[in-house]
Amino acid sequence: MTTTVRIPEGWPTTEEEARAVQDELRRRVVLDEPGPPPGTGHVTGVDVAYDDERDVVAAAAVVLDAATLDVVAEATAVGRISFPYVPGLLAFREIPTVLAALDALPRPPGLVVCDGYGLAHPRRFGLASHLGVLTGLPTIGVAKNPFTFTYADPAPARGSSSPLLAGDEVVGRALRTQQGIKPVYVSVGHRVGLDTACAHVLRLSPRYRLPESTRHADALCRRALREATVG
């Protein structure tokens with residue numbers, strides 16, 4: 001079932017309003033909890049797909065058994081794009097539909113894995129942090145590219161990592177999930193430590209560069225977008 005989402009009342013419409021919301025919510029990020037142990041409970045991948053011409057965004061939430069990586073639940077949501085494209089403020093385009101997809105799940109999501117950033121963000125408040133604060137759930141971000149951050153190339157072996165840096169500040173890790181393949185970029189969102197976040201990502205990536213949570217959510221949100229924009 002796909003949930004249809006309205007843009008929430010009072011949702012920011014300008015960059016200034018969005019940045020003010022980030023400043024307010026960022027103070028509530030929890031960074032001193034280790035997070036759920038890898039391989040236990042549920043892990044939920046979330047992702048979004050857009051059709052800017054038709055002003056449609058589709059979000060998917062896919063729950064995996066953390067031990068087996070089997071899919072145990074999924075939900076989608078479709079709505080209007082809720083904010084213009086502005087680097088550093090992408091969460092405001094995605095949050096309403098992602099929240100609706102999470103709310104539509106028939107079971108608790110457990111740890112939420114976002115296709116994007118958490119602390120590794122220009123204002124240290126990417127989608128994973130934003131979503132974590134709003135839901136209270138433990139969240140991490142797993143990005144496909146390092147954005148504006150720097151890192152030393154990790155050793156070729158699976159599990160190798162190096163700090164992801166903003167100047168001298170560590171904002172995440174470049175993590176090699178497959179031997180000799182380009183790393184992914186892991187940052188904490190809310191209520192999870194970086195060591196735990198990286199351990200989860202390795203468990204979620206037994207065969208491919210990207211976590212299974214992200215792969216399933218990506219496929220599902222793309223399908224939901226196609227179905228919403230047919231004709």
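Throughout, residue positions are numbered sequentially from 1 according to the sequence presented.
- Hydrophobic cluster membership differs between Ile140 and Leu90, with clusters built from Ile, Leu, Val, Met, Phe, Trp and Tyr side chains linked at under 4.5 angstrom.
- Ion pairing between Arg19 and Glu16 fails under the 4.0 Å rule for side-chain N and carboxylate O.
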Worked check of side-chain contact (heavy atoms from CB on, under 4.5 Å) between Asp195 and Arg173:
CA-CA 9 Å; Asp195 287 343; Arg173 275 186 206 151; 2.6 Å; yes

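- Through side-chain heavy atoms spaced under 4.5 Å, either directly or across other Ile, Leu, Val, Met, Phe, Trp or Tyr residues, Tyr117 is tied to Phe147, Phe149, Tyr151, Leu164, Val171, Tyr185.
- Here the shortest heavy-atom pairing between Leu175 and Gly159 reads CD1-O, 3.9 Å.
- In this structure, the side chain of Ser160 does not engage the main chain of Pro156 through any donor-acceptor pair within 3.5 Å.
- Remark: Thr97 OG1 to Leu102 CG distance equals 10.0 Å, nearest 0.5 Å.
- Residue pairs that meet the side chain to side chain donor-acceptor pair (under 3.5 Å) test with at least one member in residues 28-50, sequence neighbours left out, are Glu33-Arg191, Tyr50-Glu94.
- A 6.0 Å sphere centred on CZ of Arg222 holds no more than 12 heavy atoms belonging to other residues, nucleotides or ligands.
- Between the side chain of Thr196 and the backbone N or O of Pro34 there is at least one donor-acceptor pair closer than 3.5 Å.
- With hydrogens and angles disregarded, no donor-acceptor distance shorter than 3.5 Å links the side chain of His190 to the backbone of Val29.
- Following chains of ILVMFWY side-chain contacts shorter than 4.5 Å, one can reach Ile95 starting from Val48, so the two form part of one hydrophobic cluster.
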Leu165 vs Val170, test: side-chain contact (heavy atoms from CB on, under 4.5 Å). Steps then yes/no.
CA-CA 5 Å; Leu165 299 170; Val170 176; 3.7 Å; yes

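- Contact of the Val112 side chain with the Leu131 side chain is registered, since non-hydrogen atoms from C-beta on lie closer than 4.5 Å.
- The closest donor-acceptor contact from the side chain of Ser187 to the backbone of Gly118 lies under 3.5 Å.
- Nearest heavy-atom pair across Ala224 and Val78 is O-CG2, 4.3 Å.
- Here CG of Leu64 is found 6.0 Å from CG of Leu69. Values are rounded to the nearest 0.5 Å.
- Thr139 contributes a side-chain N or O that, together with a main-chain N or O of Ala128, makes up a donor-acceptor pair within less than 3.5 Å.
- Minimum heavy-atom separation, Val186 to Leu194: O-CD1, 3.9 Å.
- Between Cys198 and Ser161, every side-chain heavy-atom pair lies at or beyond the 4.5 Å cut-off.
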Audit row: Asp52, Tyr85, side-chain contact (heavy atoms from CB on, under 4.5 Å) steps and yes/no:
CA-CA 10 Å; Asp52 281 285; Tyr85 175 83; 5.9 Å; no

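- With hydrophobic clusters built from ILVMFWY side chains whose heavy atoms lie under 4.5 angstrom apart, Ile7 shares a cluster with Ile81.
- In this view, Asp103 satisfies the side chain to side chain contact (heavy atoms under 4.5 Å, CB included) rule with no residue, not counting sequence neighbours.
- Closest approach of Gly39 to His200, counting heavy atoms only: N-CE1, 4.4 Å.
- Not a single donor-acceptor pair under 3.5 Å links the side chain of Arg80 to the backbone N or O of Val57.
- Put simply, Val63 and Leu137 are part of the same group of oily side chains (I, L, V, M, F, W, Y) that touch within less than 4.5 Å, one to the next.
- In this structure, Ala61 and Leu105 approach most closely via the heavy-atom pair O-CD2, 3.7 Å.
- Residue Arg215 holds its CZ atom at 14.0 Å from CG of Leu220, rounded to the nearest 0.5 Å.
- Criterion: ILVMFWY side-chain heavy atoms under 4.5 Å apart, direct or through other members. Under it, Phe83 and Leu25 are part of a common hydrophobic cluster.
- Using modelled atom types, one side-chain atom of His121 and one backbone atom of Gly88 make a donor-acceptor pair closer than 3.5 Å.
- Listed here is the closest heavy atom pair of Ala59 and Ala101: O-CB, 4.1 Å.
- Leu210 contributes atom CG, which lies 6.0 Å from atom NZ of Lys144 (distance to the nearest 0.5 angstrom).
- Rounding to the nearest 0.5 angstrom, the gap separating the OG1 atom in Thr177 from the CG atom in Leu202 is 7.0 Å.
- Atom-to-atom distance recorded for Asp70:CG and Glu212:CD is 10.5 Å, nearest 0.5 angstrom.
- Of the possible polar contacts, one joining the Arg176 side chain to the Pro154 backbone as a donor-acceptor pair under 3.5 Å is found.
- Tested against Gln22, the residues Arg123, Glu17, Arg124 include a single side-chain hydrogen bond (donor to acceptor under 3.5 Å, both in side chains) partner, Arg123.
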